[in-house]
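These figures come from a predicted structure and were not determined experimentally. Whatever order the structure lists them in is the order used to number ligands and atoms, beginning at 1.
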Amino acid sequence: MSKIFDEKLLETAAIDTSLREFSHLGIGGKAKNLFAPHKIEEISKIVSATAKANLNIFPVGAASNILFGNTRDKVIILDKFIPKFCEVNGNEVLVSANYKIAKFIDEMKELTLGGLEFLAGVPANIGGAVSMNAGAFGGNISDFIEFIEVVDHDGKIREYQKEEIDFGYRKSSINGFITKVGFILAPKPKEEIMAEAAKIIAFRKVQHPYNFPSLGSTFKNPENHAAGKLIEECGLKGKTIGGAQISKKHANFIVNKGNATYRDVKSLIDLMMSEVYRTMNIMLQLEIKVLD
Ligand SMILES: Cc1cc2nc3c(=O)[nH]c(=O)nc-3n(C[C@H](O)[C@H](O)[C@H](O)COP(=O)(O)OP(=O)(O)OC[C@H]3O[C@@H](n4cnc5c(N)ncnc54)[C@H](O)[C@@H]3O)c2cc1C
């Protein structure tokens, strides 16, 4: 257990496990401060203790967008063991942040509530998707948000209406740990939702590498460009360093072919950025979160 935390309650939330176990990419080592709380009150305690220690929290959902490297100065909080719930009232839905997007879309379909089908096939939790303002095919998750509840940086629980949050291209101004999200969904026939989700999953399977773990798009698309196309034009498709590879299927994806390390993936990221800048004078911006 980390020295910065000595409160009794936190002992139950601290865990001594490799982050690899939680990483969608299958990469990660031991973190100095890793917590897996079971209650919202535990999150509040961890967050206030973190602020007092002048460190930053780093919430983790499905870790489908995080490359774990150096985590020394971070206090990592997993959403995994917090109770899950989903309450529906007409087309207003209140859902815990650790709900899987896929399960959510599927359950809402049964209630003829749609809208989020564009996220079918995205291996995220609701909280991570909201924090990143996940989107695809012209839709963003923020289009359907009414409010969110967060454990704020001071440990207090606050509710924010959508208008109080800045949502941008794969980013948001949310600064705390999201605990629940209020959505307003669109009434839609079940068959339509099913057909749309199936079409999107089929498209993803053709376009994206699903046979090896990845973090989705490594870089954001620069204005008027597709990052994957720029990387491909630099001749980097299939480039391999150690166990990591720039996908042969889609050059904006890095896949773990089995035993990739943080260093392998980071070296590929650096190469993609430097080659695209050298040949096209375009500076790529990371979409994934790299803890280095
Ligand atoms: C195969 C594949 C396909 C993908 N397709 C898409 C796509 O179409 N569109 C898209 O936008 N993304 C896509 N992604 C990327 C990724 O799934 C999304 O960014 C997703 O929103 C991340 O959710 P997560 O739960 O995994 O978050 P994590 O990876 O765990 O975290 C991502 C960020 O959110 C923060 N966060 C997580 N949980 C919370 C919380 N409870 N409170 C506050 N902050 C939190 C983290 O601190 C981190 O900064 C894809 C990834 C893969 C592997």
Side-chain angles (χ1 to χ4, degrees), residues 19 22-28 35-37 40 43 46-47 56-68 71 74-82 84 95-105 116-143 148-153 157-158 160 165 167-181 197 200-201 203-221 228 247 249-250 252-256 286-291:
L19 284 166
F22 308 104
S23 158
H24 190 76
L25 192 59
I27 294 176
F35 292 95
I40 304 295
I43 303 178
I46 297 163
V47 173
N56 292 315
I57 61 154
F58 192 88
V60 172
S64 65
N65 219 21
I66 305 171
L67 174 60
F68 292 116
T71 55
K74 299 268 186 305
V75 174
I76 297 179
I77 309 176
L78 308 178
D79 72 2
K80 203 174 169 65
F81 301 112
I82 298 158
K84 294 184 176 68
V95 61
S96 60
N98 55 357
Y99 228 73
K100 290 252 162 265
I101 286 273
K103 184 170 156 64
F104 187 58
I105 294 173
L116 293 176
E117 297 76 71
F118 58 88
L119 291 178
V122 177
N125 290 356
I126 296 280
V130 169
S131 166
M132 295 297 299
N133 192 17
F137 309 104
N140 294 304
I141 197 165
S142 56
D143 301 340
I148 62 165
E149 185 191 271
V150 299
V151 175
D152 240 330
H153 45 274
I157 296 171
R158 291 196 183 84
Y160 290 97
I165 307 164
F167 285 106
Y169 173 33
R170 302 299 161 265
K171 62 176 184 183
S172 73
S173 57
I174 300 162
N175 199 6
F177 191 106
I178 305 166
T179 51
K180 47 176 106 148
V181 181
I200 281 164
I201 289 174
F203 176 89
R204 286 181 188 276
K205 282 192 175 151
V206 171
Q207 297 293 320
H208 303 155
Y210 272 85
N211 47 346
F212 293 104
S214 79
L215 297 174
S217 297
T218 310
F219 298 101
K220 297 185 185 189
N221 288 323
S247 167
K249 210 167 184 184
H250 194 303
N252 200 16
F253 284 59
I254 296 175
V255 292
N256 182 353
L286 278 173
E287 178 169 324
I288 62 168
K289 302 286 179 186
V290 179
L291 291 187

Can I get a per-line list of side-chain donor-acceptor pairs under 3.5 Å for residues 117-124, giving both atom names and the distance, sequence neighbours left out?
unit_1	atom_1	unit_2	atom_2	d
Glu117	OE1	Gly115	N	3.2
Glu117	OE1	Lys188	NZ	2.6
Glu117	OE2	Gly115	N	2.7

Protein residues that have a heavy atom under 4.0 Å from any atom of ligand 1, sorted by chain and number: His24, Phe58, Pro59, Val60, Gly61, Ala62, Ala63, Ser64, Asn65, Ile66, Val122, Pro123, Ala124, Asn125, Gly127, Gly128, Ala129, Ser131, Met132, Ala134, Gly135, Ala136, Arg170, Gly176, Phe177, Ile178, Arg204, Tyr210, Ser214, Leu215, Gly216, Lys289
Euclidean distance, Ser142 OG relative to Ile148 CD1, rounded to 0.5 Å: 11.0 Å
For Phe81, all residues meeting ring pair (Phe, Tyr, Trp, His ring centres under 6.0 Å), sequence neighbours excluded: His38
Result of checking Ile66, Thr71, Leu291, Ile27 against Leu19 for side chain to side chain contact (heavy atoms under 4.5 Å, CB included): Thr71
Qualifying residues under salt bridge (charged side-chain N to carboxylate O under 4.0 Å, His left out), relative to Asp143, sequence neighbours excluded: none
side-chain contact (heavy atoms from CB on, under 4.5 Å) between Val151 and Ile77, intermediate numbers included: CA-CA 12 Å; Val151 175; Ile77 309 176; over 6 Å; no
